[in-house]
**Student:** 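Quick one: the structure is below, questions incoming.
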There are 2 protein chains.
Amino acid sequence: MAQHPDTVTRILDTAEVLFAERGFAETSLRNITSKARVNLAAVNYHFGSKKSLIQAVFARYLDPFTVRFHTALDELEARHEGGVIPLEELLETMARSVLEVPAERHSLKVFMRLLGLAYSQAQGHLRRYIQEQYGSVFTRFTELVRRATPELPDAERFWRLHFMLGTVIFTLSGLDALRDIAEKDYGEHVSVRDLVRRLRPVVVAAMNAPLPEPLPAQREAG
Amino acid sequence: MAQHPDTVTRILDTAEVLFAERGFAETSLRNITSKARVNLAAVNYHFGSKKSLIQAVFARYLDPFTVRFHTALDELEARHEGGVIPLEELLETMARSVLEVPAERHSLKVFMRLLGLAYSQAQGHLRRYIQEQYGSVFTRFTELVRRATPELPDAERFWRLHFMLGTVIFTLSGLDALRDIAEKDYGEHVSVRDLVRRLRPVVVAAMNAPLPEPLPAQREAG
DNA sequence: TCTGATTAGAAACAATTGTTTGAACGCTAC
DNA sequence: GTAGCGTTCAAACAATTGTTTCTAATCAGA
């Protein structure tokens, strides 16, 4: 599919930035091709459609992440010889895998923003694509988390994992805006690693929170 | 501006649903007017532009919310006679105020989805509008939280509040997708109120988490 | 019932969208 | 060199977008 790397790469580099800044529907192919100084037809020629371009942008981040995360989990399982891996180590490993990807690719901010868009933006095809393509590594991870937290009911663990996913994606994808506010209010410049440091105890405490009181009799509306 | 309530209301009712389902850019005025069985020109006649329509949709939720939240905080402060209000009560009050709005208006799902879109969707005008229009009540809230958590450094509290904001908005705005997964995996249907019940102990635990270990000497990259 | 302002409606507007076309270019292999 | 291939390019495509215009209908107050 991709022969002449310059055009394809320039399209992807430009597209990921514009998508992250403005969303998918708000970014036209002409925006991308003009900023990338590439002919308009090049996108449809190399990628086939705008949808496929969006998926390609994601794949360029998620493919290396999946590889890294799988091998990191391999090492972790080997080190514990089939025993239960503590929750802290699992979370630590995931965080490290996420942080390593943009070190070789581009900005972590873009990566996180794209993840946020994948959830919030309607774009049914994207969610389906990500689910099909990268669902397995998450299944593996959640299974390990299950063994690390046997006291949690399955549903409760599911929701808490997604709560924490929301925390991380929301924070890191809106980082620029939040950082501006934080600097203005506290004069303190926060790095991504500083934020991850702050996130760690919060996420652990959230996962270990006491169980909610059961609902009374389920009287419901709305 | 609005005389004949039927048309204006039908537009707003339809628009909020479509916006929540598909986002702003993905929802055309023709989608709205045809589903609302209203003439296309009615939107521009009654609201002036699509942007103004979007803001009107938000105002219909945020105006009553702001009123309710302010009076709820008034009562809370009166009840504590100038003393410190415990964190749990502050969070509880905010949750109740959020939940009460759609009871008189429409669905909480729509409300949350709209909030999520306001953050994730680029739509600079929207964030500015919300900030200007409804920023004061949040300033009041965070000041009360500050008094309730004197042991937290200011920066730490700032970040933890935004972590939790991310958790709630991310979860409730992506509710449909998550609900599909949860139902498929656990057969269990979750209501919004059920989710709020699950969120409560998690948020409290996160806010009360131990402080992160200070960074060592700031060796840093990326 | 006539008058005057407000709302509804059909049609057209210009602009922008993703996509397709067909000719021109640049290259390697014969 | 030239045939064949992959790539670039300008142009056009049809469809859809938000907005405007102008006419018809509606309804209140005299």
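Hydrogens, waters and symmetry mates are skipped; everything else that's a heavy atom, side chains included, is used. The sequence lines fix the lettering, A, B, ..., with proteins before strands; numbering per chain opens at 1.
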**Student:** Starting at CD1 of I54(A) and ending at C1' of dG18(C), how long is that distance when rounded to a whole Å?
**Tutor:** 12 Å
**Student:** Holding to side chain to side chain donor-acceptor pair (under 3.5 Å), I want the full list of residues that pass it with E77(B), two or more places apart in sequence or in another chain.
**Tutor:** R140(B)
**Student:** Looking at side-chain heavy atoms only, is the closest gap between D154(B) and R146(B) below 4.5 Å?
**Tutor:** yes
**Student:** Are R128(A) and E132(A) close enough for a salt bridge, meaning some N to O gap below 4.0 Å?
**Tutor:**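 Not counted as a salt bridge, because no side-chain N and carboxylate O are separated by less than 4.0 Å.
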**Student:** Check whether any side-chain N or O of H46(A) sits under 4.0 Å from OP1 or OP2 of dT8(D), and answer yes or no.
**Tutor:** yes
**Student:** Look only at the side chain of R68(B) and the backbone of S97(B), and say whether a donor-acceptor pair between them is shorter than 3.5 Å.
**Tutor:**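 No.
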**Student:** Where do N39(B) and T33(B) come nearest, in terms of heavy atoms and distance?
**Tutor:** O-CG2, 3.6 Å
**Student:** Measure from CZ on F47(B) to C1' on dT7(C) and round the result to the nearest Å.
**Tutor:**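 Rounded to whole Å, this separation is 14 Å.
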**Student:** Roughly how many Å is it from CD in E26(A) to C1' in dT17(D), rounded to a whole number?
**Tutor:**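 Whole-Å distance recorded here is 14 Å.
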**Student:** Can you sort out which residues in residues 28-42 of chain B have a heavy atom within less than 4.0 Å of DNA chain C? Ascending by number, please.
**Tutor:**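 Within this stretch, R30(B), N39(B), A41(B) sit under 4.0 Å of the strand.
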**Student:** For A148(B) and L87(B), which heavy atoms make the closest approach, and how far apart are they?
**Tutor:** CB-N, 3.9 Å
**Student:** Quick one: bend of the helix from dT1(C)-dA30(D) to dC30(C)-dG1(D) from 5 pairs per end, to 10°?
**Tutor:**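 Inter-axis angle at the ends, rounded: 0°.
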**Student:** Using distance alone, with no hydrogens and no angle criterion, decide if T71(B) and D74(B) have a side-chain donor and acceptor under 3.5 Å apart.
**Tutor:**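 No, no side-chain donor-acceptor contact under 3.5 Å.
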**Student:** K50(B) has an atom NZ; how far is it from atom C1' of dT16(D), in whole Å?
**Tutor:** 11 Å
**Student:** Under 4.0 Å between a side-chain nitrogen and a carboxylate oxygen: does that hold for D13(B) and R60(B)?
**Tutor:** yes
**Student:** Looking at T7(B), I'd like to know whether one of its side-chain N or O atoms comes within less than 4.0 Å of OP1 or OP2 on dA8(C).
**Tutor:** yes
**Student:** Between dA24(D) atom C1' and Y45(B) atom OH, what is the distance in whole Å?
**Tutor:**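 Distance check: Y45(B) OH to dA24(D) C1' gives 14 Å.
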**Student:** Just to confirm, is there a sub-4.0 Å distance from OP1 or OP2 of dG18(D) to any side-chain nitrogen or oxygen of N44(B)?
**Tutor:**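 The answer is no; no side-chain N or O of N44(B) sits under 4.0 Å from OP1 or OP2.
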**Student:** Decide, yes or no, whether a salt bridge links R113(B) with E21(B) under the criterion of side-chain N to carboxylate O below 4.0 Å.
**Tutor:** no
**Student:** When the distance from NZ of K51(A) to C1' of dT17(C) is rounded to whole Å, what number comes out?
**Tutor:**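 About 15 Å, once rounded to whole Å.
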